[in-house]
Amino acid sequence: MKSKTFVDQVEILVRSGKGGDGAMSMRREALVEFGGPDGGDGGRGGDVVLKASEHVNSLLSLYYDPKCFAQDGEPGKGQKMFGKRGRDLVVPVPLGTEAYDVDSGLLVADITEPGQKAIVAKGGAGGYGNVHFKSAVNQAPTEHTPGGPAEERRLRLELKTIADAGLVGFPNAGKSSLLTALSSATPKIANYPFTTLNPVVGTVVYDDFAKIAVADVPGIIEGAAKGVGLGLAFLRHLERSKVLVYVIDMAGTDNREPWRDYEVLKKEVDEYSAVLAERPSLVVANKMDVPEARENLERFVSETGVEPIAITCVRGAEAPGLSADGGLDRFREALREIVKPRTRFHHTHAQAPDLKDMPDTTGDEVPAEAIERFATFLKLEKPKAKSHPSRGNIH
Ligand SMILES: Nc1nc2c(ncn2[C@@H]2O[C@H](COP(=O)(O)OP(=O)(O)OP(=O)(O)O)[C@@H](O)[C@H]2O)c(=O)[nH]1
Ligand SMILES: [Mg+2]
């Protein structure tokens with residue numbers, strides 16, 4: 001059996017804790033004749049909670065241990081003692097996990113934010129002890145209620161990597177090499193097909209600290225939609241991306257025809273999902289350092305009508321017509337244009353009014369106009385006349 005290292009789909013059984021029963025008890029003490037009820041409430045059952053964790057990147061541990069049970073609440077006791085609350089079971093899952101109820105097929109949780117939590121099975125409420133049922137007419141009630149039931153359901157968890165861009169290409173096209181050149185991710189690179197077996201996400205960081213997450217996924221070959229090669233299931237990881245990047249081996253290694261590669265890739269993606277096929281895309285001509293690539297590129301343009309971004313992932317390679325970093329800067333900018341990442345710093349700082357333009361106010365009262373200009377700059381509202389609520393006079 002192939003050893004499992006990356007699991008992106010798993011079925012689990014979740015069960016919350018049952019609520020503890022309320023207690024039935026009468027106070028008994030020497031010298032107290034009618035002690036009355038003192039049965040405490042049961043504790044609440046624990047919840048099962050999915051929690052986004054940066055430390056897990058697959059659903060592997062749930063594959064081996066798919067039972068997620070929270071603790072039951074403890075029953076109440078005499079002397080008005082409450083039962084202890086059942087402990088919640090917090091299940092760490094990677095960002096991008098979706099949880100579906102197996103029976104209804106409904107989406108019950110979508111974990112997309114760091115630290116996000118979602119209760120997927122709610123603990124039963126604690127029962128009431130008989131202390132709650134004392135009334136003027138019934139001083140010694142025996143009534144008490146059982147704890148609420150546990151909730152149990154089967155969930156299908158699906159991991160959909162959250163990346164802004166996804167690299168799509170034939171095996172050996174250089175997808176992992178491109179991700180390595182752009183980011184600090186270190187996917188395996190080798191001269192054989194299907195080197196990449198699991199999606200890897202790398203982050204491209206720009207000078208102004210804007211970031212774009214790029215996913216490298218396994219290669220696609222003709223017939224992948226029908227399961228050939230590694231199939232297409234991993235394209236699920238690109239469903240949330242904003243742009244698909246088609247990486248084409250323009251060197252035509254092993255007598256490949258790059259223009260045909262592109263058509264096949266598009267056809268396979270379209271068969272997987274028409275929605276994904278409609279996504280904005282960039283086409284990258286890789287391996288432009290190889291002499292044959294130039295001729296192939298011309299033919300590619302005339303066959304497909306698409307003008308790809310020419311690059312090489314080989315550092316310092318001789319690639320005529322490409323900028324010093326192998327054309328990667330053009331690619332980075334094109335990516336940025338489509339993804340429009342949020343930057344940490346805004347370029348459009350309001351210009352602070354220059355002090356020498358301000359009216360000279362030395363010794364004078366500050367003119368209203370100056371106050372207003374500074375207030376606008378600081379985005380303050382004009383101070384309103386304060387109205388203190390009357391505190392009432394003391395006579
Ligand atoms: N000459 C040249 N070789 C390249 C370039 N980019 C990648 N390669 C080589 O092409 C081979 C495949 O590269 P990978 O990055 O592993 O390709 P991949 O698309 O990730 O392949 P899979 O993971 O198998 O789908 C490796 O031997 C790389 O060194 C390039 O720009 N120029
Ligand atoms: Mg690869």
Side-chain angles (χ1 to χ4, degrees), residues 2 5-6 8 57 161 163 165-202 204 213-225 227-238 241 244-258 260-262 264-266 268-269 272 281-297 300 308-332 334:
K2 208 172 74 187
T5 52
F6 186 87
D8 58 3
N57 61 7
T161 306
L167 305 179
V168 179
F170 268 79
N172 272 343
K175 301 177 293 299
S176 302
S177 304
L178 177 56
L179 188 68
T180 306
L182 291 172
S183 73
S184 57
T186 52
K188 191 168 164 190
I189 296 172
N191 186 20
Y192 53 81
F194 300 117
T195 308
T196 303
L197 297 173
N198 306 313
V200 178
V201 179
V204 184
V214 178
D216 174 23
V217 299
I220 293 177
I221 55 177
E222 190 155 19
V228 182
L230 290 186
L232 287 179
F234 52 80
L235 283 184
R236 177 171 16 151
H237 294 275
L238 306 187
S241 62
L244 296 189
V245 179
Y246 290 97
V247 182
I248 310 291
D249 178 348
M250 207 48 80
T253 316
D254 300 332
N255 298 322
R256 304 198 64 83
E257 294 182 316
R260 206 178 113 68
D261 284 357
Y262 177 61
V264 171
L265 286 172
K266 290 209 12 150
E268 293 293 331
V269 171
Y272 171 77
S281 65
L282 285 174
V283 183
V284 166
N286 191 28
K287 308 198 185 178
M288 288 307 293
D289 53 296
V290 177
E292 293 78 35
R294 296 181 64 76
E295 206 176 303
N296 283 340
L297 179 59
F300 185 94
I309 301 173
I311 62 161
T312 169
C313 296
V314 179
R315 251 171 215 275
E318 282 291 309
L322 294 193
S323 58
D325 77 340
L328 292 179
D329 42 1
R330 249 192 82 208
F331 173 67
R332 269 195 216 94

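By convention here, the first residue in the shown sequence is residue 1. Every number for a ligand or one of its atoms is a count from 1 in the order of the listing.
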So with a 6.0 Å cut-off around CD of Glu257, is the heavy-atom count from everything else above 12? yes

Do Ile189 and Thr195 have side chains that get closer than 4.5 Å, going by heavy atoms? no

So, do Leu178 and Leu328 sit near enough that their side-chain heavy atoms are less than 4.5 Å apart? yes

Could you check atom 10 (O) of ligand 1 against the protein and tell me its nearest heavy-atom contact, residue, atom and distance included? Lys287 NZ, 3.2 Å

closest protein heavy atom to atom 13 (O) of ligand 1 is Ser177 OG, 3.5 Å

Show me which atoms of ligand 1 lie under 4.0 Å from any heavy atom of Thr195. 22 (P), 23 (O), 24 (O)

Region of Val290 engaging ligand 1 - heavy atom pairs below 4.0 Å: side chain

Tell me, which protein residue and heavy-atom name are nearest atom 29 (O) of ligand 1, and how many Å apart are they? Ile189 CG2, 4.1 Å

Near Asn191, which atoms of ligand 1 are under 4.0 Å from a heavy atom of that residue? 27 (O)

Would you kindly specify which portion of Asp289 sits under 4.0 Å from ligand 1, judged on non-hydrogen atoms: side chain, backbone, both or neither? side chain

Side-chain contact, heavy-atom cut-off 4.5 Å: Arg256 with Asn172? no

What protein N, O or S atoms come within a distance below 2.8 Å of the Mg ion (ligand 2), ordered by chain and number? Ser176 OG, Thr196 OG1

Which word best sums up how the rings of Tyr262 and Tyr246 line up, parallel for under 30°, tilted for 30 to 60°, or perpendicular for over 60°? perpendicular

If you scan protein heavy atoms around atom 6 (N) of ligand 1, the nearest is Asn286 ND2, 3.2 Å

The answer for which part of Pro193 has a heavy atom under 4.0 Å from ligand 1 is backbone

For atom 17 (O) of ligand 1, grab the closest protein heavy atom and report residue, atom and distance to one decimal in Å. Gly174 N, 3.2 Å

Could you tell me the residue and atom name of the protein heavy atom closest to atom 11 (C) of ligand 1, and the distance to it rounded to 0.1 Å? Ala190 O, 3.8 Å

Starting from atom 19 (O) of ligand 1, what is the nearest protein heavy atom, named by residue and atom, and what distance separates them? Lys175 NZ, 2.7 Å

For atom 31 (O) of ligand 1, what's the nearest protein heavy atom and its distance? Cys313 N, 2.8 Å

